[in-house]
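Below, all heavy atoms of this structure are taken into account, side chains as well, without hydrogens, waters or symmetry copies. Please read all numbers here as calculations on a predicted model, not as lab measurements.
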Amino acid sequence: MISTYVLDGHTTHPASASCTLLRRLPLTAITGLSAASARESATRIREAIVSSGYDWPRQRVELVLSQGIAPLVASTGVDLALALAALVASGQVEADRLDGLAFWGELSMAGEVRTVRGTLAAARAAQAQGLLLVTSPEG
């Protein structure tokens with residue numbers, strides 16, 4: 001599980017990103033986001049991973065954003081955490097290298113991490129949990 005956050009106005013709630021790879025026809029599905037947000041995030045995440053020199057799995061990729069409070073709308077700030085969940089599930093990144101970290105940022109199609117609204121709130125929430133927030137250099 002990759003730590004991230006969802007926002008409810010000015011309140012930040014912990015969330016986690018995970019990924020399951022299934023031996024089925026290639027498809028990317030994201031649970032925990034609205035249908036439109038999931039489609040847009042799936043495209044950004046897939047292109048960012050490939051643009052960064054990693055491989056996108058040639059199977060069904062099921063990304064899940066789990067949040068304790070529902071029905072909050074997650075922002076694009078969860079892109080980075082979802083991408084890392086896919087890289088961990090596919091064995092391209094070791095999960096233990098992400099211990100003690102939380103992730104926040106939108107991904108560009110070129111693989112850059114962009115600043116999004118709520119970065120300060122996410123940083124405060126990460127600090128309260130004893131985690132270091134990884135985000136955009138401009139964040």
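- Within the 4.5 Å cutoff, the side chain of Arg24 has no heavy atoms near those of the Gln59 side chain.
- Judged purely by atom type and a 3.5 angstrom limit, Ser90 uses its side chain to pair as donor or acceptor with the backbone of Leu87.
- Across all non-hydrogen atoms, the minimal contact from Ser3 to Ala81 is O-CB, 4.3 Å.
- Atom-to-atom distance recorded for Leu82:CG and Ser41:OG is 6.5 Å, nearest 0.5 angstrom.
- Contact between Val116 and Gly77 at its shortest, heavy atoms only, is CG2-CA, 3.6 Å.
- Residues passing the side chain to side chain contact (heavy atoms under 4.5 Å, CB included) test with Ala121 are Leu7, Thr12, sequence neighbours excluded.
- Put simply, the side chain of Ser37 never gets that close to the backbone of Leu33: no donor and acceptor are under 3.5 Å apart.
- Tracing side-chain contacts under 4.5 Å through hydrophobic residues (I, L, V, M, F, W, Y), one reaches Leu80 starting from Val50; they form part of the same cluster.
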- Test salt bridge (Lys or Arg N to Asp or Glu O under 4.0 Å) applied to Glu62 and Arg60, step by step: CA-CA 6 Å; Glu62 292 192 353; Arg60 184 177 175 103; 2.5 Å; yes
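- For Ser16 (side chain) and Met1 (main-chain N/O), no donor-acceptor pair under 3.5 Å exists by modelled atom type.
- The two residues Ala42 and Thr28 make their nearest non-hydrogen contact at CB-CG2, 3.8 Å.
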- Query: Passes side chain to side chain contact (heavy atoms under 4.5 Å, CB included), Val134 versus Val113? Steps please.
  - Reply: CA-CA 10 Å; Val134 177; Val113 180; over 6 Å; no
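- In this structure a side-chain-to-backbone donor-acceptor pair under 3.5 Å is present from Thr4 to Phe103.
- Atom-to-atom distance recorded for Glu47:CD and Ser52:OG is 10.5 Å, nearest 0.5 angstrom.
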Side chains of residues 125-132: which donor-acceptor partners sit under 3.5 Å, not counting sequence neighbours?
{"residue": "Gln129", "atom": "OE1", "partner": "Tyr5", "partner atom": "OH", "Å": "2.6"}

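- Once rounded to the nearest 0.5 Å, the distance linking CG of Leu133 with OG1 of Thr119 reads 7.5 Å.
- Partner of Leu65 under the side-chain contact (heavy atoms from CB on, under 4.5 Å) criterion, out of Ile30, Ile2, Val6: Val6 alone.
- Under the 3.5 Å distance criterion, the side-chain polar atoms of Gln92 are matched with a main-chain donor or acceptor of Asp55.
- Judged by distance alone, the side chain of Ser108 and the main-chain N or O of Ala110 form a donor-acceptor pair under 3.5 Å.
- Following chains of ILVMFWY side-chain contacts shorter than 4.5 Å, one cannot reach Val61 starting from Val64, and the two form parts of different hydrophobic clusters.
- Rounding to the nearest 0.5 angstrom, the gap separating the CD atom in Glu106 from the CD atom in Glu40 is 9.0 Å.
- The side-chain heavy atoms of Leu98 and Val88, taken from C-beta on, include a pair separated by under 4.5 Å.
- In terms of modelled atom types and a separation under 3.5 Å, the side chain of Asp79 and the main chain of Leu107 share a donor-acceptor contact.
- The heavy-atom pair separating Ser51 from Gly111 by the smallest distance is CB-N, 4.3 Å.
- With hydrogens and angles disregarded, a donor-acceptor distance shorter than 3.5 Å links the side chain of Thr135 to the backbone of Trp104.
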